[in-house]
Amino acid sequence: MNSKEELKIFMKEQFGIAIDTAKLTEEAVQLYLNELDEEIVPPTVLKSLPDPVVFQTYSYDEESEWIIGVALEAETNNPLFLVCLKDGVRVFEKLLIEGESNND
């Protein structure tokens, strides 16, 4: 998921939520694995990620606060892991690395 438009489609398909992309904020930062919060990226996923990663964060706050995070490979920007938080609670996660199992 590399764009606001892809995120809009994902949120509609996965959660039935229509997002106004004008109200969607985003930020990307390069982080080392020891800087990632284990409440957001579980230790079982951390061991599958390269060090460092770019963590792309989208935030949307309407009726509920949604934070969507995508861990990307730092050199290629290939998506590796997707996590969604609703009101601070993880409601979705998926490992996107080819050859790895996914957690839904």
Side-chain angles (χ1 to χ4, degrees):
M1 187 170 322
N2 295 325
S3 72
K4 287 183 176 183
E5 223 25 67
E6 287 177 319
L7 178 65
K8 181 179 179 178
I9 293 166
F10 168 78
M11 292 298 286
K12 184 67 174 174
E13 290 176 354
Q14 186 67 38
F15 300 108
I17 296 171
I19 286 184
D20 178 356
T21 55
K23 296 181 180 179
L24 187 64
T25 61
E26 64 181 310
E27 176 183 21
V29 63
Q30 184 169 308
L31 296 170
Y32 291 97
L33 296 183
N34 65 348
E35 297 175 299
L36 292 171
D37 186 339
E38 290 183 0
E39 293 295 318
I40 297 172
V41 182
T44 54
V45 172
L46 282 174
K47 68 181 181 181
S48 299
L49 299 178
D51 197 14
V53 295
V54 172
F55 205 79
Q56 176 80 35
T57 305
Y58 299 93
S59 181
Y60 186 73
D61 196 356
E62 275 296 304
E63 295 176 20
S64 297
E65 178 188 33
W66 287 89
I67 298 173
I68 300 92
V70 183
L72 306 165
E73 190 172 7
E75 293 182 14
T76 64
N77 279 338
N78 288 333
L80 304 169
F81 177 70
L82 170 67
V83 63
C84 300
L85 305 173
K86 179 181 178 185
D87 296 326
V89 176
R90 186 176 20 184
V91 294
F92 181 89
E93 68 178 55
K94 186 171 185 180
L95 193 58
L96 305 171
I97 301 171
E98 289 184 28
E100 297 285 343
S101 62
N102 290 337
N103 300 322
D104 291 31

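As the structure is a computational prediction, the values presented were derived from the model and not from experiment. Along the sequence shown, residues are numbered consecutively beginning with 1.
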Check whether Lys4 reaches the backbone of Leu24 with its side chain - one donor and one acceptor, N or O, closer than 3.5 Å. yes
Here the gap from Ile67 atom CD1 to Thr57 atom OG1, rounded to the nearest 0.5 Å, amounts to 7.5 Å
On a heavy-atom basis, the closest approach of Ala74 and Val54 is CA-CG2, 3.9 Å
In terms of heavy-atom contacts, Val70 and Pro79 come closest through CG1-CB, 4.1 Å
One should read off an interatomic distance between Ile19 CD1 and Ile9 CD1, to the nearest 0.5 angstrom, of 11.0 Å
Test item: Asn78 side-chain N/O and Glu73 main-chain N/O as donor-acceptor pair under 3.5 Å: no
Residues Phe81 and Pro42: closest non-hydrogen pair is CZ-CD, 4.0 Å
Value for OG (Ser59) from CG (Leu85), rounded to nearest 0.5 Å, stands at 10.0 Å
inquiry  = Let me check something: do Val83 and Val29 share a hydrophobic cluster, defined by ILVMFWY side-chain heavy atoms less than 4.5 Å apart, either directly or through other members?
reply    = yes
**Prompt:** Taking everything shown except Glu39 itself, do over 12 heavy atoms lie less than 6.0 Å from its CD?
**Reply:** no
In short, Pro50 meets Leu80 closest at the heavy-atom pair CD-CD1, 3.4 Å
Smallest heavy-atom separation, Arg90 atom then Ile40 atom, equals NH1-O, 3.7 Å
### Task
Using a 4.5 Å cut-off on heavy atoms from C-beta on, say whether the side chain of Pro52 contacts that of Leu31.
no
d(Leu72 CG, Gln56 CD) to nearest 0.5 Å is 6.5 Å
Exercise for review: Assess the pair Phe10 and Tyr58: is the distance between their ring centroids shorter than 6.0 Å?
Suggested key: no
Quiz item: Taking side chain as C-beta onward, heavy atoms only, is Leu36 less than 4.5 Å from Val53?
Solution: yes
Discussion item. I'd like to know whether Tyr60 forms a side-chain contact (heavy atoms from CB on, under 4.5 Å) with Leu7, so could you lay out the CA-CA distance, the side-chain angles of the two residues, the decisive distance to 0.1 Å, and finally the verdict.
Written reply: CA-CA 11 Å; Tyr60 186 73; Leu7 178 65; over 6 Å; no
When every non-hydrogen atom of Asp51 is compared with those of Leu33, the smallest separation belongs to OD1-N, 2.8 Å
Separation between CD (Glu62) and CG (Asp20), nearest 0.5 Å, reads 7.0 Å
Contact between Phe15 and Val91 at the side-chain level, heavy atoms closer than 4.5 Å - yes or no?
yes
